[in-house]
Protein chains: 2
Amino acid sequence: MDDETAPQKGTVTQRAIERIKAMIGEGRLEPGQRLPTERDLAAQLGISRSSMREAIRALTVLGVLEARHGSGIYVTQLEAGDLLETFGVVADLSRGPRLVELLEIRRILESTATALAAARITPDQLAEVEKHLAAMNATDDPEEILAHDLAFHRVIAAAAGNETMAAILEGLSSRTFRARVWRGYQEEGAFTRTRREHAAIHRALAAHDPEAARAAAAAHVGEVEEWLRAQLGP
Amino acid sequence: MDDETAPQKGTVTQRAIERIKAMIGEGRLEPGQRLPTERDLAAQLGISRSSMREAIRALTVLGVLEARHGSGIYVTQLEAGDLLETFGVVADLSRGPRLVELLEIRRILESTATALAAARITPDQLAEVEKHLAAMNATDDPEEILAHDLAFHRVIAAAAGNETMAAILEGLSSRTFRARVWRGYQEEGAFTRTRREHAAIHRALAAHDPEAARAAAAAHVGEVEEWLRAQLGP
DNA sequence: GACGCATAGTGGTCCGACCACCCTGCTGGT
DNA sequence: ACCAGCAGGGTGGTCGGACCACTATGCGTC
């Protein structure tokens with residue numbers, strides 16, 4: 001075995017990325033822990049600081065590491081939000097048929113999350129849902145409506161009790177993604193329908209009726225899905 | 001307005017990443033297209049080649065760009081597989097309660113995908129499912145069983161017709177993730193139960209019975225989920 | 001004891017050089 | 001005329017060093 005001198009697979013930067021990921025996976029680096037300096041890390045792996053910086057940058061955008069200027073490099077808490085932020089990138093760069101696929105996934109997850117929320121939601125959380133519902137119906141500013149719409153679903157996802165699912169749904173509802181689809185959808189006077197659907201979701205949540213919540217959420221997303229499918233069609 | 005000279009938000013590298021992402025989002029860079037050279041790009045944005053390289057590396061690990069040594073930098077096809085490869089990183093670095101959450105998501109998506117597959121699967125695809133099913137039952141080598149198990153579900157996900165969902169499920173079944181959970185699960189003699197569940201899924205697919213397929217797949221993943229939940233509990 | 005400043009250490013940026021690889025076009029032969 | 005082989009230029013990959021911007025620590029001062 002000569003793994004001592006020449007592994008030599010791929011670029012050095014890629015190898016550095018794998019090495020650091022492995023350290024975290026093996027538990028040698030705990031969440032929140034501070035890493036050695038860039039210079040030390042580069043020396044340890046026998047590569048230049050430039051290459052090490054590229055590796056660190058890559059792991060930073062993946063949400064695994066966090067660099068604090070003047071302080072050091074730290075492992076993130078490795079929570080769902082940290083790691084799944086990149087999911088929003090997928091939504092932002094997707095177009096055409098893939099947008100429909102993403103909405104289909106959102107429909108599946110959102111309906112399940114809403115059903116779970118119906119069973120588990122607390123009075124406080126329900127009050128917050130109602131707050132955003134009221135705010136959404138009290139204004140005509142599309143920006144404000146969109147913001148409260150996002151918050152409405154975010155609270156519900158949080159109430160479902162699965163942080164990972166909430167993070168994914170957050171990515172699937174990222175500002176640019178929603179804005180792109182919402183614009184055209186709302187231009188067709190879908191406001192009243194949207195309000196009716198939101199009211200139905202809220203009713204199911206308040207009644208703690210999971211099946212009704214699932215149906216209402218699925219219909220809510222499904223409406224947009226159908227509209228988008230028609231847009232892309234002939 | 002002085003956005004001409006000093007946007008100055010975040011690091012220059014971060015800004016470069018956003019700029020390139022924006023170019024793709026606005027359609028100024030098409031999938032498969034070749035970018036200017038690192039040196040030219042750096043000059044265009046007024047930054048050093050080092051910083052530009054970090055930005056490119058970051059977008060490379062995100063699956064947005066692809067660098068070919070000696071040839072140039074290209075935009076990927078931006079397909080689900082390219083962009084969601086990073087989803088596997090999440091699965092690899094997750095532990096404890098988050099593993100259960102990931103399995104819960106996999107149960108939801110896998111059951112839906114299997115139901116869709118039951119309605120849409122072609123004879124050819126069904127034959128491939130049977131091939132892996134037979135191969136899985138014909139050996140005792142855990143490695144081989146795992147490989148055919150993965151392929152079994154991969155074919156089903158593909159038959160569901162949603163490439164994005166298939167890519168996510170692929171990430172949720174990545175080698176290291178499955179290996180870590182499967183090892184302990186199978187050590188408890190779950191082989192026969194797994195085989196029975198796989199047979200049930202195949203039966204539902206062959207009968208083109210979506211509801212039966214959904215139930216069988218949900219039970220299949222749910223078994224592992226329950227086992228893992230028990231492992232983590234007291 | 002609390003405040004403020006000097007200082008060492010860290011990540012952020014830039015530069016210039018060289019290497020490894022790919023592609024093209026030319027050259028030489030058949 | 002055609003094709004194989006080679007040589008060159010262009011590209012990403014790596015390296016080393018220098019300097020800047022920011023943070024945190026500790027010491028001195030009040």
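Quick caveat, the model's predicted, so the values are computed rather than measured. Below, all heavy atoms of this structure are taken into account, side chains as well, without hydrogens, waters or symmetry copies. Lettering follows sequence order; numbering is per chain, from 1.
Pairing each heavy atom of P36(B) with each of L41(B), the nearest pair is O-CD1, 3.9 Å. Counting all heavy atoms, side chain and backbone alike, L99(B) lies closest to A91(B) at CD2-O, 4.4 Å.
Ring planes of H153(A) and H220(A): parallel class, angle under 30° (limits at 30 and 60°).
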| task | Start with the C-alpha gap between E226(B) and R229(B), add the side-chain angles, then the distance that decides, and say whether salt bridge (Lys or Arg N to Asp or Glu O under 4.0 Å) holds. | result | CA-CA 5 Å; E226(B) 280 303 316; R229(B) 218 184 289 266; 3.8 Å; yes

| message | Under the criterion salt bridge (Lys or Arg N to Asp or Glu O under 4.0 Å), I'd like the reasoning laid out for E18(B) against K21(B): C-alpha separation, chi angles, the key distance, then a yes or no. | response | CA-CA 5 Å; E18(B) 297 302 328; K21(B) 268 190 357 188; 3.8 Å; yes

| After noting the C-alpha distance and the side-chain angles of Q125(B) and E128(B), does the key distance pass the side-chain contact (heavy atoms from CB on, under 4.5 Å) rule? | CA-CA 5 Å; Q125(B) 291 170 326; E128(B) 201 170 352; 5.5 Å; no

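Among dA24(D), dG12(D), dG11(C), the nucleotide with an atom closest to any side-chain atom of A67(A) is dG11(C).
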| Per-nucleotide protein contact string for nucleotides 14-20 of chain C (B base, S sugar-phosphate only, - none; heavy atom under 4.0 Å) | BB-BB-B

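Within the 4.0 Å cut-off from OP1 or OP2 of dT14(D), not a single side-chain nitrogen or oxygen of R15(A) is found. For T13(B) and dT13(C), the shortest distance from a side-chain N or O to OP1 or OP2 is below 4.0 Å.
If you check every strand for non-hydrogen atoms under 4.0 Å, I73(A) touches sugar and phosphate atoms only.
If you find the closest nucleotide of DNA chain C to R68(B) and to D40(A), the one lying nearer the 5' end belongs to D40(A).
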